[in-house]
Protein chains: 2
Amino acid sequence: MVDNNDHIHLGRLQDFYATHKSLPPYAKIADICDMRSKAGVSKLVFRLKRDGFLQVAPGGRLAPTSRFFGRPLVGSAPAGFPSPAAELLDDALSIDDYLVEHPSDTVLVEVQGDSMIGAGIQPGDYVIVRKCQRAEPGQIVVAIMDGEFTIKYLDRDEKGYLLRPANAHYSLLRPEQELSIFGIVTGQFRKYS
Amino acid sequence: MVDNNDHIHLGRLQDFYATHKSLPPYAKIADICDMRSKAGVSKLVFRLKRDGFLQVAPGGRLAPTSRFFGRPLVGSAPAGFPSPAAELLDDALSIDDYLVEHPSDTVLVEVQGDSMIGAGIQPGDYVIVRKCQRAEPGQIVVAIMDGEFTIKYLDRDEKGYLLRPANAHYSLLRPEQELSIFGIVTGQFRKYS
DNA sequence: AGCTTAGGTGAACGTTCGTTCACCGTAAAG
DNA sequence: CTTTACGGTGAACGAACGTTCACCTAAGCT
């Protein structure tokens, strides 16, 4: 463990980033961390980079790493007591980052109907959809039928593609002529009031 | 509505930010957006600021606004064709903000087991848990039994509280003595590989 | 046609950036 | 009691920053 004040400085930076979604220039960091010289900041930044909290993004700007975000992820620890120490699992900074890999061509669609209830997709849920025309059998897709969105498994048999609901009360859909795919379902989320 | 290419440029910036958690300097933005001059970027940034996608953080750095993160929300529009124009209309929301109302006492728990499959909560999903000791019957809670997390409906009958799975293969759990509630499930999300 | 609007270009310019250097004070190690 | 290591200081400096300007081109309008 560290015996210096870097974790305090880091905390200040985390607060700033949480508020402004951006890291300030060195002069402002000095301000935030009660330092009086940019040279001190330069050394601080060196340490935080070395320790894996900061990195340099393309273009040269300072950027946070995944380690910069203290994110409470509690594992379903099978044994023992759920300790806060076991929280830090890596790789996702926020739910947004985890669910949306390509923001520019990703949209949300609200689920209507219970045709996918067997796949854990309920009415009122939102699905995260990456817009694209091509999809693989087995994927859950948003297709356009009769001008409406419909969410189904994409399947194919010897006669061609078909849309399969995850609900025994619905039947297979075989597109009349051409199947119009709006996008691929890459995620799903739901909120309990 | 816009008739220019700014939403494409914005998309590039969103992708960059999603990857690097930081906005690049103008020269790099020009690079990203296939522009050849910083002057063009300057005008682009002016427009994106005017339209509420960007702002200037303390220190003078460019920073995203909440609108920058808003994901286009495509309704299950019953009529008409889903036009890209309809997407950009203001129904944008940030998944984080939507799902997590109280960040300071909210944690994520990975779901293990299929005891809540009937409620659309599958193994591998994440549930958003607001830590608190009190819960109401009917809510989905994370309880601690034998040192392990367990996700169940909280119910109560004339004999007291009990934990009810959403899976016919599991049976009701009546806590031996005291029921230890870790938190209330306020949301759920899942990612498809 | 002629005019206007709007996005983009390329160069110039003053400002600000982050680095570097010698130096200071404290605290642990020899 | 030195010595060393380390975080921070203050000034100086070249490089990079974002703005500004005149100009270009294409599209829309009358």
Side-chain angles (χ1 to χ4, degrees), chain A residues 1-17 19-65 67-68 104-105, chain B residues 1-17 19-65 67-68 83-85 87-89:
Chain A
M1 201 48 219
V2 286
D3 57 347
N4 59 17
N5 288 333
D6 280 4
H7 64 285
I8 297 179
H9 297 145
L10 178 60
R12 304 273 184 93
L13 284 177
Q14 286 167 331
D15 284 347
F16 186 96
Y17 189 90
T19 306
H20 300 105
K21 302 277 180 272
S22 153
L23 290 172
Y26 283 29
K28 187 72 186 175
I29 296 181
D31 194 6
I32 290 174
C33 295
D34 295 321
M35 288 189 185
R36 228 148 300 190
S37 69
K38 291 186 293 176
V41 175
S42 183
K43 296 185 181 181
L44 169 65
V45 168
F46 174 84
R47 274 172 266 140
L48 292 179
K49 279 196 223 168
R50 181 199 59 195
D51 298 343
F53 292 104
L54 295 176
Q55 63 187 134
V56 174
R61 285 268 210 266
L62 219 50
T65 63
R67 192 156 181 210
F68 182 87
S104 61
D105 56 3
Chain B
M1 205 46 226
V2 287
D3 57 346
N4 60 18
N5 288 333
D6 280 4
H7 63 284
I8 297 179
H9 296 145
L10 178 61
R12 304 274 185 91
L13 285 177
Q14 287 167 330
D15 284 346
F16 186 96
Y17 189 91
T19 306
H20 300 105
K21 298 285 169 288
S22 153
L23 290 173
Y26 282 29
K28 186 72 185 174
I29 296 181
D31 194 6
I32 290 173
C33 294
D34 294 322
M35 287 188 186
R36 228 148 298 199
S37 69
K38 290 186 293 177
V41 175
S42 184
K43 297 185 180 180
L44 169 65
V45 167
F46 174 84
R47 274 172 267 139
L48 292 178
K49 280 195 220 167
R50 182 199 59 197
D51 298 342
F53 292 104
L54 294 177
Q55 60 186 340
V56 174
R61 286 269 211 262
L62 219 50
T65 63
R67 189 157 184 205
F68 182 90
S83 75
E87 299 173 9
L88 298 166
L89 240 66

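By convention in this document, chain letters (A, B, ...) are assigned in the order of the sequence lines, proteins followed by strands, and residues within each chain are numbered from 1.
- Going from atom CG of A:Leu62 over to atom C1' of C:dC17 covers 12 Å, rounded to whole Å.
- For DNA chain D, the outermost nucleotides in 5' to 3' order that have an atom under 4.0 Å from a heavy atom of chain B are D:dC17 to D:dC21.
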Dot-bracket encoding of pairs in DNA chain C, which uses [ ] for pseudoknotted crossings and | for another strand, Watson-Crick or G-U under 3.5 angstrom: ||||||||||||||||||||||||||||||
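- Going from atom CG of B:Asp31 over to atom C1' of C:dG8 covers 16 Å, rounded to whole Å.
- Comment: B:Arg12 does not engage B:Asp15 in a salt bridge, judged by the lack of any side-chain N to carboxylate O separation of less than 4.0 angstrom.
- Using modelled atom types, no side-chain atom of B:Thr65 and backbone atom of B:Gln55 make a donor-acceptor pair closer than 3.5 Å.
- At a non-hydrogen distance threshold of 4.0 Å, A:Met35, A:Arg36, A:Ser37, A:Ala39, A:Gly40, A:Lys43, A:Arg47 from residues 33-47 of chain A come into contact with DNA chain D.
- A:Ile29 has its CD1 atom 11 Å from the P atom of C:dC17, to the nearest Å.
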Using the rule given for side chain to side chain contact (heavy atoms under 4.5 Å, CB included), can you reason through B:Phe16 versus B:Ile29, listing the C-alpha separation, both sets of side-chain angles and the distance that settles it, and then say yes or no? CA-CA 9 Å; B:Phe16 186 96; B:Ile29 296 181; over 6 Å; no
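- A:Asn5 CG to A:Met35 CE: the interatomic distance, rounded to the nearest 0.5 Å, is 8.5 Å.
- The closest side-chain heavy-atom distance from A:Ser22 to B:Leu23 is not below 4.5 Å.
- When each of B:His9 and B:Gly59 is assigned the nucleotide of DNA chain C bearing its nearest heavy atom, the one mapping closer to the 5' terminus is B:His9.
- Between A:Leu62 and A:Lys49, the closest side-chain pair of non-hydrogen atoms falls below 4.5 Å.
- A salt bridge is absent between B:Arg67 and B:Asp51: the closest approach of a Lys/Arg side-chain nitrogen to an acidic carboxylate oxygen does not fall below 4.0 angstrom.
- Between B:Lys21 and A:Tyr17 the shortest side-chain heavy-atom distance falls below 4.5 Å.
- Rounding to the nearest 0.5 Å places CD1 of B:Ile32 at 11.0 Å from NE2 of B:His9.
- Using a 4.5 Å heavy-atom cutoff, the side chains of B:Arg61 and A:His20 are not in contact.
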